[in-house]
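Notes follow once the structure below has been shown.
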Amino acid sequence: CSSEFVPAFDNSAMDGFAVRTGDCGSASPGGPVVLRIKETVRAGTLANVEIEPGEAVKIMTGAPLPLGADAVVMVEATSSEEDGIVRILQTPEIGEHIRRRGEDVRCGDLILREGTRIRPYELALLAAQGIANVSVIRKPSVSLLATGDELLEFTEPLSPGKIRNSNGPALAAALSRWGILPRYQGIVKDDRQSMREAFQKELNDSDVLLVSGGVSVGDFDYTKALLEELGLQVIFWRVAIKPGKPLLFGLLRNKLVFGLPGNPISVMVCLEEFVRPALEKMQGHTPRYPSYHLQGNLENEYRKEEARQQYIFCQVSETSEGFRVHVIRPQGSAMLGMACRANALALAPVGVKFLEKGMGVAFRWLK
Ligand code: AMP
Ligand code: MG
C-alpha cells in the first residue's frame with residue numbers, strides 16, 4: 001500500500017504562469033489579458049506566495065502551485081513578459097495544467113498487487129514512494145548442458161566430423177533476455193558416466209535443467225534413460241510439433257527438467273513455446289504463451305505434415321492490404337541461416353497439410 005500521495009502537492013504540469021481563471025475569462029490572441037507577474041517559482045522550492053486578482057506567478061513544471069491560483073497557462077499561450085507583465089492569449093479552464101495532490105496515487109491505495117511483474121513502471125512507482133525493499137519471488141536458477149560427441153565450443157577450431165555448440169550460447173542469450181542468467185555448463189560427451197555426473201551436479205545446483213541433445217531415438221541418445229535412472233518422472237516425451245518433436249519434460253524431486261532436441265532450430269522453438277511459459281509461471285506470472293495474434297496472407301504455398309503443428313519461419317512485410325507472409329524455403333530444423341533470414345514465425349495447425357498461396361495464417365514476430 002502507498003504511504004504517500006503522488007503527487008505530494010498541487011503542482012504545475014507546464015512551464016508557464018499560474019493564474020486565477022476569474023481574471024482571464026476573455027483572453028484571446030486579439031484581446032489578451034494583462035497580468036502583473038508577482039514572482040517566479042522554481043521546481044523544488046516552496047510557493048510561499050498568494051496570487052491576488054490581476055496577478056500571475058511565473059511557474060516551472062513540477063513547482064508547487066501558489067495559493068489563489070486555479071490554472072496554469074503554458075508559456076506558449078502567453079506573449080513575452082515585459083516590465084513585469086505577461087499577456088495571456090488563451091482562456092484557461094479551471095484546473096488546467098495543474099497536477100493535483102494525490103491525483104495519481106492516494107495515501108493508503110493499493111499500488112501493486114501480489115504477483116505483479118515489476119516492470120520499469122512499477123519500479124519507478126516504488127522509487128517515487130521511497131520503497132526500497134519489496135518481497136519478490138526468487139528467479140529460478142537454470143543450468144544449461146549441451147550433449148554430443150560431435151560438439152566443440154564455439155571458440156575451438158573445427159575438426160573433421162565435428163560441429164560447434166550453438167545451442168548453449170543461443171539458450172543463454174534467450175534466457176538472459178528474459179532476465180535469467182543461466183549457469184552455462186558447456187558440453188558433455190555422449191557417455192553415460194559423464195552425463196550422469198553432470199545431470200546430478202546441475203540438479204543439485206539449479207531449479208531448472210535444460211539439456212540439449214540425446215533425447216531422440218538414436219543409439220547414443222542417453223539423456224532420457226539416464227534422467228529416468230536418476231528418478232525423473234516423465235510428464236511428456238515427444239510432441240506433435242515441427243520442429244521440436246523429440247521434446248522431453250519431466251520432474252525430478254522438485255526440479256523441472258527439459259530434454260530439448262539437439263537441432264538448433266528445434267531447441268529455440270521448444271524454448272520459446274514450452275520453457276518460457278514454465279519459467280514465467282515459476283515467477284508467479286500467468287504464462288504468456290507466445291501469441292500468434294497477427295494475421296497475414298501467404299505469398300507462396302507450403303506443404304506440411306498433417307499430423308503436426310508446424311512453426312514456419314517467414315519473412316513478413318507490411319503492405320496497404322495487410323501483412324504479406326513469405327515462407328522461407330527450404331525450412332529445416334538445423335538451418336540457422338534460414339532462421340536468420342526470417343523476421344516472423346507462422347503457426348500452421350494439425351490437420352492442415354497444404355497451405356495455399358493467398359491463404360490467411362497466424363504469425364508472431366521473431367524478436
Ligand atoms: P541429437 O538430438 O543429439 O541426436 O542431435 C540432433 C542434431 O542436433 C544433431 O545433428 C546434432 O549434431 C545437433 N546438435 C546437438 N547438440 C547441438 C548443439 N549443442 N549445437 C548445435 N547442434 C547440436
Ligand atoms: Mg546427440
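Keep in mind it's a predicted model, so treat the numbers as computed, not measured. Read the numbers this way: they start at 1 and go in the same order the structure lists the ligands and their atoms. Note: hydrogens, waters and symmetry copies are ignored here, and every other heavy atom, side chains too, is used.
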Just the distances, no angles: every ligand 1 N or O to protein N or O pair closer than 3.5 Å, one line each.
residue: ligand 1; atom: 2 (O); partner: Gly214; partner atom: N; Å: 3.4
residue: ligand 1; atom: 2 (O); partner: Gly262; partner atom: N; Å: 3.4
residue: ligand 1; atom: 3 (O); partner: Gly214; partner atom: N; Å: 2.9
residue: ligand 1; atom: 8 (O); partner: Gly262; partner atom: O; Å: 3.3
residue: ligand 1; atom: 8 (O); partner: Asn263; partner atom: N; Å: 3.1
residue: ligand 1; atom: 8 (O); partner: Asn263; partner atom: OD1; Å: 3.4
residue: ligand 1; atom: 12 (O); partner: Glu150; partner atom: OE2; Å: 2.5
residue: ligand 1; atom: 14 (N); partner: Gly262; partner atom: O; Å: 3.2
residue: ligand 1; atom: 19 (N); partner: Asn165; partner atom: OD1; Å: 2.9
residue: ligand 1; atom: 19 (N); partner: Asn167; partner atom: ND2; Å: 3.3
residue: ligand 1; atom: 20 (N); partner: Ser166; partner atom: N; Å: 3.1
residue: ligand 1; atom: 20 (N); partner: Asn167; partner atom: N; Å: 3.4

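- Considering all non-hydrogen atoms of both residues, Leu279 and Pro140 come closest at CD2-CG, 3.9 Å.
- In this structure, Leu175 and Val142 have side chains that are in contact, with non-hydrogen atoms separated by less than 4.5 Å.
- Arg164 contributes a side-chain N or O that, together with a main-chain N or O of Glu156, makes up a donor-acceptor pair within less than 3.5 Å.
- Salt bridge Glu272/Arg177: absent, no basic N to carboxylate O contact under 4.0 Å.
- No more than 12 heavy atoms of other residues, nucleotides or ligands shown are found within 6.0 angstrom of CD on Glu356.
- In this structure, a donor-acceptor pair under 3.5 Å is absent between the side chains of His285 and Glu280.
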